[in-house]
Amino acid sequence: MWPPRFLLKAATVSYKERDMQHYSSSENGFVETPSPHSEGWLNVCCPDETEMHILVDDFGMPPVFLDYIGDPDERPRVDREGDWSIIILRIPTRSNQKDVPYETVPIGVICHDDLIITLCYSENDVINDFVTFSRQRHLEITNRSNFILHIIYRSATWYLKYLQNINNDVSAAERNMASSVRNEELMRLTRLQKTLVYFNTSLHGNEMMLERLEHLFAGEYDPELLDDVDIEIKQAISTVAIYTEILESTMDALGSIISNNLNGVMKRMTALSISLMVPTLIASFYGMNVNVGFDGFPYAFPLIILISLCLTVGVLLWLKHIKWF
């Protein structure tokens, strides 16, 4: 069982500059400290081969934990390897793929004695937001279980933020659907629907993990913080369900509107074809190699043109009268 209190110090490994930034928990949140420690919190984002060797060789972390977090489909769970423990959660992040705007990725909270390592193979806003949040709220976190609960809390907050962005995209699609005859908006909504499926699955997995952590951290966590985390996750799950229903109804309506608009375009094209058929028919008659009259009439050509125009206008007026277009 993990000790309830520890000296919370953080070392953030930069995968770009390879420098280390160290923080300690104070009354004003996380502040920088001058040197790394083998106890505390080490956050690793997008590690390369060198940083993986540091984790395994210098800190003694089981290499299998790297494989767990490296699996993009890893589900939330708890596992142990000797004296090391890992809690796997799924957090939201912006996607680099074209088929979905957002996705969920696994993040590992790895514990050993007085050391916590958070490891994620994707850039995300959750960890940086957690540090900023601690400074804004002047949080002094000296309890390991509360630290993990705060990570879950901030991830749920980012789920809600991205869900709000998704809702804005759906609203924009609704505003553009009245004149839409193409499938771009429908494909855009399909990508949002895939994102909601990812969010729904990951949130339910995190919810089950939270229930398990409640028993694992028995007597160590802040009950009010646990209630806040539980409420935030349930709110995110409820929001996903609501937005999914809205999105499904919007997609159905958009499909019907696209079909209806396309029918309108086809009606206008048909009306134009019928209107052009009248002068074409007259021109076809007078193009025959037979005597069709007006041979000696000097104004035969403009008269035929005038008759064709009158008949064409008459057909257009009739089509408009019957509300063909």
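Note that the coordinates shown come from a computational prediction; the quantities given were computed from them, not determined experimentally. Residues take their numbers from the sequence shown, with the count starting at 1.
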J.: Using a 4.5 Å cut-off on heavy atoms from C-beta on, say whether the side chain of R90 contacts that of R75.
T.: yes
J.: Just by distance, do the side chain of W84 and the backbone of G60 share a donor-acceptor pair under 3.5 Å?
T.: yes
J.: Out of R212, M209, M208, which one pairs with P76 under the side-chain contact (heavy atoms from CB on, under 4.5 Å) rule?
T.: M209
J.: What's in the same ILVMFWY side-chain cluster as L276, cut-off under 4.5 Å, chained through other members?
T.: L272
J.: For Q164, which residues count as a side chain to side chain donor-acceptor pair (under 3.5 Å) partner, sequence neighbours excluded?
T.: N168
J.: Name the residue from R191, K194, R188 that meets the salt bridge (charged side-chain N to carboxylate O under 4.0 Å, His left out) definition with D99.
T.: K194
J.: Does Q235 offer a backbone N or O that forms a donor-acceptor pair with the side chain of S238 under 3.5 Å?
T.: no
J.: Could you check if a side-chain atom of L55 sits within less than 4.5 angstrom of a side-chain atom of L66, using non-hydrogen atoms only?
T.: yes
J.: Given V105 and Y121, is the side chain to side chain contact (heavy atoms under 4.5 Å, CB included) satisfied, shown in steps?
T.: CA-CA 8 Å; V105 295; Y121 281 83; over 6 Å; no
J.: Answer yes or no: is there a side-chain heavy-atom contact under 4.5 Å between E123 and T93?
T.: no
J.: With sequence neighbours left out, what residues match D125 under salt bridge (Lys or Arg N to Asp or Glu O under 4.0 Å)?
T.: none
J.: Apply the side-chain contact (heavy atoms from CB on, under 4.5 Å) test between C120 and each candidate in I127, V126, I107; give the one that qualifies.
T.: I107
J.: Working note: L226 + L210, criterion side chain to side chain contact (heavy atoms under 4.5 Å, CB included); need CA distance, chi angles, decisive distance, verdict.
T.: CA-CA 9 Å; L226 180 66; L210 183 64; 3.6 Å; yes
J.: Can you tell if the side chain of L163 reaches within under 4.5 Å of the side chain of L196, non-hydrogen atoms only?
T.: yes
J.: How many angstroms lie between CG in L225 and CG in L149, if you round to the nearest 0.5 Å?
T.: 5.0 Å
J.: Pairs in or reaching into residues 187-212: which pass ring-ring contact (aromatic ring centres under 6.0 Å, His included), with residues at least two apart or in two chains?
T.: Y159-F199
J.: What distance do N124 atom CG and S155 atom OG have between them, rounded to the nearest 0.5 Å?
T.: 10.0 Å
J.: For the atom pair CZ (R268) and OG (S273), what is the distance rounded to the nearest 0.5 Å?
T.: 13.0 Å
J.: So N143 and S145, side-chain hydrogen bond (donor to acceptor under 3.5 Å, both in side chains) or not? Walk me through it.
T.: CA-CA 6 Å; N143 184 285; S145 58; 2.3 Å; yes
J.: Can V109 and I86 be said to form a side chain to side chain contact (heavy atoms under 4.5 Å, CB included), step by step?
T.: CA-CA 6 Å; V109 183; I86 182 172; over 6 Å; no
J.: Is a side-chain N or O of N206 found less than 3.5 angstrom from the main chain of L89, in a donor-acceptor match?
T.: no
J.: Is there side-chain contact between Q193 and I166, with at least one heavy-atom pair below 4.5 Å?
T.: no
J.: I want to check something: taking the side chain as every heavy atom from C-beta on, are F130 and I151 in contact at a cut-off of under 4.5 Å?
T.: yes
J.: Report the distance from atom CG of L317 to atom NZ of K320, rounding to the nearest 0.5 Å.
T.: 8.0 Å
J.: Would you indicate whether the side-chain heavy atoms of S85 and H112 approach each other to under 4.5 Å?
T.: no
J.: Do R94 and Y162 have side-chain heavy atoms sitting under 4.5 Å apart?
T.: yes
J.: So for atom CZ, which belongs to R137, do other residues, nucleotides or ligands contribute more than 12 heavy atoms lying within a distance under 6.0 Å?
T.: no
J.: Please step through side chain to side chain contact (heavy atoms under 4.5 Å, CB included) for the pair V315 and I274, ending with a clear verdict.
T.: CA-CA 8 Å; V315 171; I274 294 174; 3.9 Å; yes
J.: Quick one: pull up CD1 in I69 and OG1 in T118 and give me the separation to the nearest 0.5 Å.
T.: 10.0 Å
J.: Which residue pairs pass the salt bridge (charged side-chain N to carboxylate O under 4.0 Å, His left out) test when at least one of the two sits in residues 233-254, sequence neighbours left out?
T.: E207-K234, D230-K234
J.: Would F59 and V56 show up in the same hydrophobic cluster when neighbours are defined by side-chain heavy atoms closer than 4.5 Å?
T.: yes
J.: Write out all pairs satisfying side-chain hydrogen bond (donor to acceptor under 3.5 Å, both in side chains) with one or both partners inside residues 65-74, taking only residues at least two apart or from two chains.
T.: Y68-D79, E74-R77
